[in-house]
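These notes are about the structure you will find just below.
Every number for a ligand or one of its atoms is a count from 1 in the order of the listing.
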Amino acid sequence: MNRLVVIVATLFVPTAYSAADGLWCYHDPSCDDTTWSTIAMGDTTLTAFTFTKYGDNSTMKTIKNTGNTVKVELMSGVQVTGGALSEAYDSLQFHLHGATVPQSLGRSTTVDGTRYPMELHIVNAKSSHNGNTTSAIADSTGLAALGFFIEAMPGNATGSPAAWNTLTSYLANITLKDEHVNITHAISLDELLEGVDRTKYYRYLGSLTTPNCNEAVVWTVFKDPIKVSKDLIDLFSTTVHIDHNTTSALMTNTFRNIQPVNDWVVTTQGRTASGASTTCSSLGLMALACMLLRV
Ligand SMILES: *[C@@H]1O[C@H](CO)[C@@H](O)[C@H](O)[C@H]1NC(C)=O
Ligand SMILES: *[C@@H]1O[C@H](CO)[C@@H](O)[C@H](O)[C@H]1NC(C)=O
Ligand SMILES: *[C@@H]1O[C@H](CO)[C@@H](O)[C@H](O)[C@H]1NC(C)=O
Ligand SMILES: *[C@@H]1O[C@H](CO)[C@@H](O)[C@H](O)[C@H]1NC(C)=O
Ligand SMILES: *[C@@H]1O[C@H](CO)[C@@H](O)[C@H](O)[C@H]1NC(C)=O
Ligand SMILES: *[C@@H]1O[C@H](CO)[C@@H](O)[C@H](O)[C@H]1NC(C)=O
Ligand SMILES: [Zn+2]
């Protein structure tokens with residue numbers, strides 16, 4: 001279905017680019033998500049998702065410092081269906097990118113063109129691959145990523161939301177690369193995603209074209225950010241290190257390196273997005289499929 005969207009779109013010669021010469025990116029004001037609504041094409045097939053066990057508070061197994069991200073492994077049975085995905089996908093893990101500067105420095109939104117201090121990515125594999133990541137990678141839609149922006153809560157709130165307070169309490173246990181501990185607290189994915197309208201999202205197929213890594217990932221990026229208090233966001237950039245001792249750097253600036261490498265199409269709900277009614281923009285973009293698998 002998503003391939004069809006791409007094929008149909010490429011039949012139209014791109015006549016105008018709405019944002020930064022047609023480039024889509026995350027952390028440059030000229031092409032970040034504020035501009036996406038003007039370039040995304042409407043797609044009525046982008047229906048709601050069904051999330052299985054996202055409300056279950058005992059699905060998080062372990063939390064690990066991978067050196068690149070903080071990763072939480074999920075138990076089996078956590079799934080996502082719908083959302084124009086071809087079948088059920090198993091939610092395997094989620095991880096966090098970002099934290100460029102401590103939010104408490106008050107330089108939150110525009111430093112380095114970064115509007116959001118962090119992103120949460122849920123990595124899902126097509127259920128029919130039965131957990132065989134080798135065959136999932138070989139399938140052009142074998143992996144699906146759900147991307148959420150994380151934004152600092154306005155005001156002086158601290159330790160909020162409670163689920164994020166609990167999750168970040170584990171960072172002190174994984175300050176060094178490869179450290180990992182079991183999650184013993186009751187936390188659900190729904191609690192971590194609180195406040196996000198999960199019916200509103202962008203969809204694109206991302207590819208990476210470096211050697212040995214040419215798989216595609218079906219990307220879903222939700223429009224609403226998750227709101228987390230500044231003190232908790234700051235824990236990520238002040239607690240976890242990228243290597244095996246505390247003299248190594250703190251884990252900051254681990255966003256995906258988005259570069260335009262290919263012509264893909266971004267879609268969102270509806271017939272046409274505002275501003276896109278007469279323009280079929282061909283967008284250059286890339287998503288780090290390999291990074292998804294490495295972390
Ligand atoms: C976790 O979920 C179970 C089952 O729904 C519920 O009984 C329990 O109160 C929840 N625990 C917490 C801490 O929310
Ligand atoms: C996983 O899939 C690959 C490629 O399809 C296959 O060669 C391999 O035998 C599978 N592994 C298992 C454990 O089933
Ligand atoms: C936040 O805290 C500062 C100083 O502690 C105070 O002046 C300000 O009124 C507080 N703002 C809100 C919205 O509570
Ligand atoms: C995490 O660290 C805290 C304090 O540093 C300690 O009390 C707790 O036992 C640790 N938890 C695990 C699972 O290692
Ligand atoms: C972590 O959980 C696994 C699986 O439940 C268990 O086998 C292991 O003993 C636990 N590790 C610790 C340190 O509690
Ligand atoms: C910390 O690790 C780095 C390599 O990761 C190493 O070069 C350095 O000697 C280590 N420092 C200490 C104090 O162990
Ligand atoms: Zn990621």
Side-chain angles (χ1 to χ4, degrees), residues 49-81 88 90-96 99 101-111 115-118 120 122-125 130-133 146 148-196 198 224-241 243-246 295:
F49 291 97
T50 300
F51 297 94
T52 303
K53 288 207 176 187
Y54 275 54
D56 187 321
N57 63 27
S58 59
T59 57
M60 296 181 200
K61 271 195 298 202
T62 58
I63 184 165
K64 179 177 182 178
N65 175 348
T66 70
N68 294 313
T69 69
V70 170
K71 178 174 78 169
V72 173
E73 297 275 1
L74 301 172
M75 304 210 178
S76 61
V78 187
Q79 283 195 330
V80 57
T81 58
D90 298 320
S91 302
L92 306 177
Q93 50 110 322
F94 69 84
H95 58 267
L96 294 132
V101 287
Q103 294 297 292
S104 53
L105 295 182
R107 306 161 60 206
S108 58
T109 57
T110 55
V111 174
R115 290 189 61 238
Y116 298 105
M118 297 187 74
L120 183 156
I122 303 176
V123 179
N124 309 271
N130 293 316
N132 185 335
T133 45
L146 306 179
F148 297 85
F149 295 114
I150 296 172
E151 182 177 82
M153 263 180 198
N156 296 339
T158 58
S160 180
W164 282 92
N165 198 34
T166 305
L167 185 75
T168 53
S169 73
Y170 285 91
L171 296 178
N173 299 93
I174 56 164
T175 58
L176 303 180
K177 183 181 179 183
D178 295 328
E179 287 185 336
H180 54 95
V181 292
N182 288 350
I183 292 186
T184 53
H185 291 79
I187 318 173
S188 70
L189 284 163
D190 280 347
E191 288 169 329
L192 292 179
L193 305 178
E194 189 190 302
V196 176
R198 281 178 253 162
D224 289 347
I226 301 167
K227 291 193 167 75
V228 177
S229 61
K230 294 185 185 77
D231 60 322
L232 300 185
I233 291 176
D234 283 352
L235 289 174
F236 287 95
S237 58
T238 56
T239 310
V240 282
H241 294 265
D243 214 329
H244 298 101
N245 62 42
T246 51
V295 298

Ligand 1 atoms in contact with N57 (distance to a heavy atom under 4.0 Å): 1 (C), 2 (O), 3 (C), 8 (C), 10 (C), 11 (N), 12 (C), 14 (O)
Interfacing atoms of ligand 1 (cut-off 4.0 Å, heavy-atom, A186): 11 (N), 12 (C), 13 (C)
Check against side-chain hydrogen bond (donor to acceptor under 3.5 Å, both in side chains), D231 and S229: CA-CA 6 Å; D231 60 322; S229 61; 2.5 Å; yes
Those residues that, when tested against D178, pass side chain to side chain donor-acceptor pair (under 3.5 Å) (two or more places apart): H244
Close side-chain approach of F236 and P117, heavy atoms under 4.5 Å: no
Crowding at CD, E191 (>12 non-hydrogen neighbours, <6.0 Å): yes
Qualifying residue, where the test is side chain to side chain contact (heavy atoms under 4.5 Å, CB included) with I63 and the options are I174, N182, N173: I174
Proximal protein residues to ligand 3, non-hydrogen atoms under 4.0 angstrom: N156
Qualifying residue for side chain to side chain contact (heavy atoms under 4.5 Å, CB included) with F94, from V70, V123, V78, L74: L74
Contact (N/O only, under 3.5 Å) between E191 and ligand 1: no
Minimum-distance pair of heavy atoms, taken over all atoms of I150 and Y116: O-CB, 3.5 Å
